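The structure under discussion appears below in the form of structure tokens.
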There are 2 protein chains.
Amino acid sequence: MRRITTQDQEPVPRRNELRAQVIEAIAQTMDLYGANHSFGKLYGIMFFEDKPMTLEDMKDHMNMSKSNMSYAVRSLLDSKMITKLEEKKERKDQYVAETDFFTTFRNFFTLKLQREIDIMLVAINGVIPELSEIALTEDIADDERQECLQDLYKLRHAVSYYTWLQEFVDQLRDGDFSNQVTD
Amino acid sequence: MRRITTQDQEPVPRRNELRAQVIEAIAQTMDLYGANHSFGKLYGIMFFEDKPMTLEDMKDHMNMSKSNMSYAVRSLLDSKMITKLEEKKERKDQYVAETDFFTTFRNFFTLKLQREIDIMLVAINGVIPELSEIALTEDIADDERQECLQDLYKLRHAVSYYTWLQEFVDQLRDGDFSNQVTD
DNA sequence: TTAAGTGTACAATAATTTTTGTACGAAGGG
DNA sequence: CCCTTCGTACAAAAATTATTGTACACTTAA
């Protein structure tokens, strides 16, 4: 008769349990990358899957509707966590996870930080000229002028921050922080 | 009679409109930093406010309950976007926004990336030994052994990524990417 | 050309998150 | 010491997000 211990168990289900522990950790931490727990879990499953997955495969692994899997796939594609293959399999689209975490890190943050830079600079640069004008108006209360100057000071400081952040993003995109000396 | 144009308007409400445009941009982009639109807006308001704010001030600016402001403050404190002052004002706690975006960037990402590293390494290191054991078992199907080895390969690659990410976080924490040559 | 089946849009439902109201312990002024 | 008021915990309500079911346009195999 077989003893039942953590060491002594059928290897396949045991390996699935071990995988599940890592998948759960991925699902927990992927909130930083804008994925909810379910979508993070799906990425984790795809990370371990050695062959491309179809929506049907995902549906089965996740016990969720195909509809939701379609939605999850779009979201993971948007943040470049997964890729759609050119060729279909039995009429079904196929997807693979990006398994290099450095690449996912780079893809995600270049995307999201660039979005932040763009939105913030449009707002800030759209506001500075008129604020400067107000600050230069003659018939204005002194403390109001001070407030304007204070705002302008903060906004200029922000612009210099976003100049730095743009350089950071460019370097990240160009691989200057690269994980490996050679790839 | 005064003409009404964007140029020709009472300076105080106009400055508030201009501020509001930047505040809205902050609120929009702060989802990357785990803040919802309201909490992001509150940070934006505090960013421009030149004096410390109390919960009551926030409540008035945001038209929201003090209860929710208390919750927002806790959340912004947790991610170090704002700071609580030592001294109270008329029995009320006072808070100020961190106005240096580089500092908020550094605070937030050292915190969140360190959390990711810790969670992921605990999971991965908790799984590798047993997975190695299974891979080394003699009475095991060849393709099952291959699967284990494949998983191990991915996990070791992940460990090396997190070693790199830990260095990255340490450098960020130590100010090696600093915005300014001198502070 | 037809029939079967895929992927997604959209509306409905379920679940979660956000917001509020209330109550209460704690702190501080009188 | 008492009384006011602050800050927050907690439950209820409102709003948003996640998930499902269905329908349908589109593709492709036969």
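Chain letters run A, B, ... following the sequence lines, proteins first and then strands; every chain starts at 1. Source: prediction; values computed, not measured.
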task = Before giving the answer on salt bridge (charged side-chain N to carboxylate O under 4.0 Å, His left out), spell out for Glu56(B) and Lys92(B) the whole-Å C-alpha distance, their side-chain angles and the decisive distance to 0.1 Å.
result = CA-CA 9 Å; Glu56(B) 201 184 4; Lys92(B) 290 169 195 155; 2.6 Å; yes

Please tell me if [X] has a side-chain N or O lying less than 4.0 Å from either OP1 or OP2 of [N].
{"X": "Arg74(A)", "N": "dG7(C)", "answer": "no"}
{"X": "Arg91(B)", "N": "dG7(D)", "answer": "no"}
{"X": "Asn36(B)", "N": "dT17(D)", "answer": "no"}
{"X": "Asn68(A)", "N": "dA18(D)", "answer": "no"}

message = Any base atoms under 4.0 Å from Lys88(A), or only sugar-phosphate, or nothing? Heavy atoms, all strands.
response =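 Touches nothing.
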
message = Once you apply a heavy-atom cut-off of 4.0 Å, does Ser38(B) come out as touching a base, just sugar-phosphate, or nothing?
response =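 Sugar-phosphate only.
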
Can you check the [X] [atom1] to [N] [atom2] distance for me, whole Å?
{"X": "Leu55(B)", "N": "dT20(C)", "atom1": "CG", "atom2": "C1'", "value": "15 Å"}
{"X": "Met62(A)", "N": "dA18(D)", "atom1": "CE", "atom2": "C1'", "value": "11 Å"}
{"X": "His37(B)", "N": "dT19(C)", "atom1": "NE2", "atom2": "C1'", "value": "16 Å"}
{"X": "Lys59(A)", "N": "dT19(D)", "atom1": "NZ", "atom2": "P", "value": "16 Å"}
{"X": "Glu87(B)", "N": "dA27(C)", "atom1": "CD", "atom2": "P", "value": "18 Å"}
{"X": "Lys89(B)", "N": "dG7(D)", "atom1": "NZ", "atom2": "C1'", "value": "18 Å"}
{"X": "Asp93(B)", "N": "dG7(D)", "atom1": "CG", "atom2": "P", "value": "5 Å"}
{"X": "Met53(A)", "N": "dG7(C)", "atom1": "CE", "atom2": "C1'", "value": "16 Å"}

ask   = Which one, dT19(C), dG7(C), dT19(D), comes nearest to the side chain of Ser65(B)?
value =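 Of the options given, the side chain of Ser65(B) lies nearest dT19(C).
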
ask   = With no angle test and no hydrogens, is the base of dG21(C) tied to the side chain of Ser67(B) by a donor-acceptor pair under 3.5 Å?
value =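 Such a pair exists between side chain and base.
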
inquiry  = Let me spell it out: for each of Lys66(A) and Tyr71(B), pick the nucleotide of DNA chain D with the closest heavy atom. Which residue's pick is nearer the 5' end?
reply    =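 First, find each residue's nearest nucleotide; the 5'-ward one identifies Tyr71(B).
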
key: Gln146(B) side chain to Asp142(B) side chain, donor-acceptor N/O pair below 3.5 angstrom   =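 There is no such pair between these side chains.
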
message = Taking the six-membered ring for Trp, are Tyr43(B) and Phe48(B) closer than 6.0 Å centroid to centroid?
response =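 No.
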
query = When the ring centroid of Tyr162(B) is compared with that of Phe168(B), is the distance short of 6.0 Å?
reply =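 Between Phe168(B) and Tyr162(B), which both carry aromatic rings, the centre distance is not below 6.0 Å.
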
Result of checking Phe39(B), Phe105(B), Phe101(B), Phe109(B) against Tyr33(B) for ring pair (Phe, Tyr, Trp, His ring centres under 6.0 Å) =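 Among Phe39(B), Phe105(B), Phe101(B), Phe109(B), the one that satisfies the ring pair (Phe, Tyr, Trp, His ring centres under 6.0 Å) with Tyr33(B) is Phe109(B).
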
